[in-house]
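Encoded as structure tokens, the structure appears first; notes follow it.
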Amino acid sequence: MKNLLSINTFALFWRVCSLYILGAFLVTTNSYADNQEPTIVVIAFPSTSENTISRSSLRAIFGMRLNKWPADTPVKVFVMKDDTPEHGAFSKNILQVFPHQLRLAWDRQVFSGQGQYPEQVVSLQEMLSKIASTPGAIGYIKTSEVTNNVRTLQIR
Amino acid sequence: MYAPFKFAKTVVERFVPCALLLWTTFAHAINLMGSELQLHGFLTQGLVTTSDNNFLGQSNKKASTDFREIGLNASLRPTSDLQLSAGLLSHKAGGTDNGEVRLDYGLVDWTVSSNEQGRSGIRLGRVKNSYGLYNKTRDVAFTRPSVLLPQSIYFERTRNLTVAGDGVEFYLDRNYEAGNLFVTFALGKPQLGSEASKVALVGLVPNGRFEPKVAQISQVMYEGDGGKYRLGYTVLRFDTPYKPGVKDVLQAGQLKSMVQIFSAQYNAENWSLTSEYALRPISSRNFGPNSPDATTRGQSYYIQGSYRLAPKWEAILRYDVLYTDRDDRDGQAYAAATRRPGFTRFSKDWTAGVRFDLTPELMLRAEYHRIDGTAYLPVQDNPDPRALERRWDMFMLLGSFRF
């Protein structure tokens, strides 16, 4: 009887364990569904004076806290929607800020009158055309989509 | 004086919700003479029900809908160094706020110097106070961690003391490879002239009012590693004279306080841990025989964890504690001196809640509170202290739309 009970407990343990692992697996795949993260580069208006940019400046620019280029021209920030793989990869890998943290930082500034939102574009094509045609523009794109109409900025 | 407010209120209450629904189909940014005008807003409706006591309206064993926040704001950036912003707010909160439309903030933000290393500048006008982690956007449900902000620090009761100041704020940001430093120093008059502020500070009986006098708020906030952790320190100093009413029970006294808040937050990809601790000594002087000079040292803290269950779901758990007087935590000395219940001098609130983001513009929340003590309840909703119950439960629902 005692033996039987211990076997049952053991079997139950493994059943619960496997369910837990399955559950954890589902949750993980759900939240990291985009594990094929695209490689992203920072791009800017072609005649921008800079070729390189520091991560802290990028964070300040995309955090909407630095509104001018070193040459005094206004910065114009373009982003894609929060849930796009490009925005996720840019935030996490380039800025090293979680997308929801970035959103919260913008919200806190906009709803207290201390900043404005960046302009949101709906497609890679729109991102490319806005960056190519707006003086002071900065944005990002998949490495494979870069054209000669925009300047690529290296992170220093 | 009141006619424009009434009109604005009608506009906000009737017209704005309809406009909001239409708005999503249009752009939020309008090009105005070469610079961008951004318009944004939100509409939040809450539902509150309690097992005992009233909070945010008549909630005792009933459902109160007297919790509503409607905001509309505009900002314009004529040059990269200058921003003009204004926000209107209608905040309906039970007996403490009737939802009258008022200017939440209205300011000119001038960045005096700005480069890769950081920036410095000045904000002039009505400026939201840098007070703890959440005050600047305390009425914007999307930026709050829960339906109700931790009441030990972000009182509904005395919100006018801290919400915004009319004056000036100096700011200094530094960008380092490892993180950012944000420093602000503000001198501003709080919006203290109202009846609600008087009731919060001295109760229902005295019939005078407080004269707003310039308060000082300083804050230092460090955000490490792109905001993964945030450490902050805030000091608020105020000193406000009381102007007695006709045959008032109080004389022309003065309230003086220095509030200090220590804030800490850690943000991982799927979870956050937040804690704030506040010391709130307040001294009253020269109020006459009915209110001898005294200093009560208030103490507050909360610890809060949130977890992102899935991209659109977030769960939160918090323990929030408030002591009106830390030398008399259980309120027994107060009870003996005033014959009022001692449990009105503390509140310990366990909160569990979930947030569901239906779309980026639409959010739903549900929250359960189990509270021991009634210190954070406004007297306007609970005029009779003998009717208060020490242990009570509260359930809240909230829907919020923004554009």
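Residue numbering restarts at 1 for every chain, and letters A, B, ... go by the order of the sequence lines.
- With a 4.5 angstrom heavy-atom cutoff, B:Gln83 touches chain A only via side-chain atoms.
- Interface remark: B:Asp109 contributes side-chain atoms only to the contact with chain A (heavy atom separation under 4.5 Å).
- Neither the backbone nor the side chain of B:Tyr134 comes within contact range of chain A; no heavy atoms are under 4.5 Å apart.
- A salt bridge between B:Glu116 and A:Arg55 is absent, with no side-chain N of the basic residue lying under 4.0 Å from a carboxylate O of the acidic one.
- Nearest heavy atoms, A:Gln101 versus B:Gly227: NE2-O, 3.4 Å.
- Side-chain atoms of A:Asn67 and B:Arg119 form no donor-acceptor pair, as typed in the model, at a separation below 3.5 Å.
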Margin query: Set out, in order, the CA-CA distance, both residues' side-chain angles and the distance that settles side chain to side chain contact (heavy atoms under 4.5 Å, CB included) for A:Lys76 and B:Glu36, then state yes or no.
Written below: CA-CA 11 Å; A:Lys76 181 84 182 111; B:Glu36 194 179 74; 3.5 Å; yes
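- Contact check on B:Lys312 versus A:Asp83 returns no salt bridge, with no Lys/Arg side-chain nitrogen under 4.0 Å from an Asp/Glu carboxylate oxygen.
- For B:Glu314, no part lies under 4.5 angstrom from a heavy atom of chain A.
- For a residue to count as touching a neighbouring chain, one of its non-hydrogen atoms must lie under 4.5 Å from one of that chain's; by this rule B:Ala164 does not touch chain A.
- For B:Phe42 against A:Phe111, the heavy-atom pair with the smallest separation is CD2-CE2, 3.7 Å.
- The shortest side-chain heavy-atom distance between B:Ser114 and A:Leu66 falls under the 4.5 Å cut-off.
- With values rounded to the nearest 0.5 angstrom, B:Leu107 atom CG is found 8.0 Å from A:Ser112 atom OG.
- For the pair A:Asp107 and B:Thr137, the tightest heavy-atom approach, listed with the atom from each and the gap, is O-CG2, 4.1 Å.
- Side-chain contact between A:Lys92 and B:Glu269 is present, with heavy atoms from C-beta onward closer than 4.5 Å.
- Annotation: cation-pi pair B:Lys228/A:Phe98 present, NZ/CZ under 6.0 Å from the ring centroid and within 45° of its normal.
- For chain B, the nearby part of A:Arg59 is the side chain; its heavy atoms alone come within less than 4.5 Å.
- Listed here is the closest heavy atom pair of B:Ser75 and A:Gly115: OG-O, 4.4 Å.
- Among the candidates B:Lys128, B:Gln117, B:Glu177, the residue making the largest number of heavy-atom pairs closer than 4.5 Å to chain A is B:Glu177.
- The contact between A:Glu119 and chain B is made entirely by side chain atoms (from C-beta outward), counting heavy-atom distances below 4.5 Å.
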Next item on the list: Tell me, with the steps shown, if B:Asn115 and A:Lys68 meet side chain to side chain contact (heavy atoms under 4.5 Å, CB included).
Entry: CA-CA 7 Å; B:Asn115 55 40; A:Lys68 300 197 278 206; over 6 Å; no
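- Of the atoms belonging to A:Gln116, heavy atoms from both backbone and side chain fall under 4.5 Å from chain B.
- For B:Asp139, no part lies under 4.5 angstrom from a heavy atom of chain A.
- When all heavy atoms of B:Ser85 and A:Gly113 are compared, the closest pair comes out as OG-O, 2.7 Å.
- Only the side chain of A:Arg103 comes within less than 4.5 Å of a heavy atom of chain B; its backbone N, CA, C and O stay farther away.
- With a threshold of 4.5 angstrom between heavy atoms, B:Arg138 does not approach chain A through any atom at all.
- The choice from B:Leu84, B:Val127, B:Val140, B:Asp173 that makes the most heavy-atom pairs within less than 4.5 Å of chain A is B:Val140.
- A pairwise comparison of heavy atoms in A:His100 and B:Ala268 identifies NE2-O, 4.3 Å as the closest pair.
- Rounding to the nearest 0.5 Å gives a distance of 7.5 Å between CG of B:Asn180 and OG of A:Ser56.
- Within the 4.5 Å cutoff, side-chain heavy atoms of B:Arg123 are placed close to those of A:Gln114.
- At a 4.5 Å heavy-atom cutoff, the contact between A:Leu104 and chain B is made by side-chain atoms alone.
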